[in-house]
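All remarks here apply to the structure that follows.
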Protein chains: 2
Amino acid sequence: MTMTSPSASALVEDETLPIAEVARRTGLSADTLRYYEKAGLIDSVRRTAGGVRRYAAGDMDWLAFLLRLRDTGMSIADMQRFAEQRREGDASVAERLALLREHRDCVDRRIRSLRENNRALDNKIAHYEELLEGER
Amino acid sequence: MTMTSPSASALVEDETLPIAEVARRTGLSADTLRYYEKAGLIDSVRRTAGGVRRYAAGDMDWLAFLLRLRDTGMSIADMQRFAEQRREGDASVAERLALLREHRDCVDRRIRSLRENNRALDNKIAHYEELLEGER
DNA sequence: CTAGAAGTTGGAGCGCGCTCGAACGCAAGC
DNA sequence: GCTTGCGTTCGAGCGCGCTCCAACTTCTAG
C-alpha cells in the first residue's frame, strides 16, 4: 500500500495546500478550482518551481467568500466583476460595497419569496393530509 | 390597425384562455408552456377542433402549483415524478405527500443556509463600510 | 533511481432548462 | 375570400456551470 494520506509535507510544513486538499476542504472539485482560476475568479495562486499549485491561507479565505456568493446564487459573471474590482484595489471599495449590498438585498428578497412559497406548500401538504385522513 | 387585444371571445365568453394569455399571466413563455406539456408536467389541456390549446381554470391552478415547486428549486425531473403520480390518482396521495414534505424540508434547509450566508455577507459589508469610513 | 500517485493544460462534452427557427395551419376582422 | 397574426410541431441551439479526457509533467515514498 502506498502511503498517500496528506501528511506533514503537504499540510503542516509550509501552511500551503495542494489542490486535492483544497478540493476536499471546499467541496469543489479540482477541475472546478482550475476552472475558477482560469475564469479569473481566483488569482495569484502560488506555484512550485514545477508549476504545481499551492494554495495559501489567503486563497482559502477568498475561496470561502466566493463560495458564499455562489451559494447565495450569484452568477459567475457577477463574481468575475467583483474579482475584477478587487484586483483594481482600494479605488473600487465603494463599487464593491454597492455590489455586495445589492446582492444581499437580492438574497433577502429570495428568502422572503421562498418563505412565502413554503407557506403555500404547507397548505398544500395540510390538504393532502386531510385527504389521507378521509381515506381511512 | 388590427384589433388584437384580448377581448370577449378570448377571455370572458368561455373562461378558457389562449396560450399567449396564459404566458402573460404566469410569466412563462408560450414555448415553455408547450415544453412543459410535452415533458408531461401538464396534461389534458383542451384543444379547439383545429388543435389550438385552450387553458381552463384547473390548468391554471396546476400551473400555479408547478410554479411554486419550480420557484422553490424543484427540478423538472422531480416535477415529472409528481405529475406522474398525480396521473395515477388517489392511490398515490401518500407518495405525493411524502414528496411534498421532503421538498418543503429541503426548502427550509435552503432558507436557513441563505440566512446564515447573508449574515456573513452583512459582516463583510460592515467591514467594507469601515474601510470607506477610514478612507475619508 | 524508479514507480506510481497527483498535478498540469487545452479543449471537448454534458445536463439542465429553456429558446428559437422553419414551415406550416387555424381564426377572425375587413 | 383574403390578409394578418396567433397557433402548431419538430428539432436544433444556447447559456450556464461545471466535468471529463488525453497527453504529458511533477512529486514523493521506498
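In the text below, chain A, chain B and the rest are named by the order of the sequence lines, each starting its count at 1. Keep in mind that the numbers below use all heavy atoms, side chains included, and drop hydrogens, waters and symmetry copies.
Taking only side-chain nitrogens and oxygens, B:Arg70 comes nearer than 4.0 Å to OP1 or OP2 of C:dC18. Contact check, A:Arg34 against C:dG7: no side-chain N or O comes under 4.0 Å of OP1 or OP2. Within the 4.0 Å cut-off from OP1 or OP2 of C:dT19, at least one side-chain nitrogen or oxygen of B:Thr32 is found. Note on A:Tyr36: every side-chain N or O is 4.0 Å or more away from OP1 and OP2 of D:dG17.
In this structure A:Ser92 satisfies the side-chain contact (heavy atoms from CB on, under 4.5 Å) test together with A:Gln85, A:Glu88, A:Glu95, A:Arg96, sequence neighbours excluded.
Judged by distance alone, the side chain of B:Ser113 and the main-chain N or O of B:Arg109 form no donor-acceptor pair under 3.5 Å. Of the possible polar contacts, one joining the A:Trp62 side chain to the A:Leu41 backbone as a donor-acceptor pair under 3.5 Å is found.
Residues A:Met74 and A:Leu66 form no side-chain contact, since every pair of their non-hydrogen atoms from C-beta on lies 4.5 Å or further apart. Between A:Leu67 and A:Leu28 the shortest side-chain heavy-atom distance falls below 4.5 Å. Put simply, the side chain of A:Ile76 reaches to within 4.5 Å of the side chain of A:Tyr35, judged on heavy atoms.
The residue among A:Asp31 and B:Tyr35 whose nearest nucleotide of DNA chain C is located toward the 5' end is A:Asp31. Toward the 5′ end of DNA chain D lies the nearest nucleotide of A:Ala77, the other residue of the pair A:Thr48 and A:Ala77 mapping further downstream. Position along DNA chain D of the nearest nucleotide to A:Ser75 versus A:Ala49 favours A:Ser75 as the more 5'-ward residue.
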Take A:Glu116 and A:Arg112 through the salt bridge (charged side-chain N to carboxylate O under 4.0 Å, His left out) test and state the conclusion after the steps. CA-CA 6 Å; A:Glu116 200 173 311; A:Arg112 269 192 286 279; over 6 Å; no
Residues A:Arg81, A:Asp78; criterion salt bridge (charged side-chain N to carboxylate O under 4.0 Å, His left out); working and verdict: CA-CA 5 Å; A:Arg81 276 184 265 288; A:Asp78 283 353; 2.8 Å; yes
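Going from atom CD of B:Glu21 over to atom C1' of D:dC6 covers 13 Å, rounded to whole Å. Per the geometry, CG belonging to B:Leu66 stands 13 Å off P belonging to C:dG17, to the nearest Å. Rounding to whole angstrom units, NZ of residue A:Lys38 and C1' of D:dG17 are separated by 13 Å. Remark: C1' of C:dA28 and CZ of B:Arg54 are 12 Å apart, rounded to the nearest angstrom. Across the protein-nucleic acid pair, B:Leu41 atom CG and C:dG17 atom C1' stand 11 Å apart, rounded to whole Å. Rounded to whole Å, atom P of C:dC16 lies 18 Å from atom CD1 of A:Ile76. With rounding to whole Å, B:Met74 atom CE is found 16 Å from C:dC16 atom C1'. At whole-Å resolution of the value, CZ in B:Arg47 and P in C:dG25 are 16 Å apart.
Using a 4.0 Å heavy-atom cutoff across all strands shown, B:Arg53 reaches sugar-phosphate atoms only and no base atom.
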Close N or O pairs between protein and nucleotides 12-14 of chain C (under 3.5 Å):
none

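Which of D:dC18, C:dC18, D:dC27 sits closest to the side chain of A:Val52 comes down to D:dC27.
Clustering ILVMFWY residues whenever any of their side-chain heavy atoms sit less than 4.5 angstrom apart, transitively, puts A:Leu99 in a cluster other than the one holding B:Leu114.
Ion pair B:Glu129/B:Lys124 not flagged as a salt bridge, since none of the NZ, NE, NH1 or NH2 atoms sits closer than 4.0 Å to an Asp/Glu carboxylate oxygen.
Between the two ends of the helix from C:dC1-D:dG30 to C:dC30-D:dG1, each summarised by a five-pair axis, the helix axis turns through 10° (rounded to 10 degrees).
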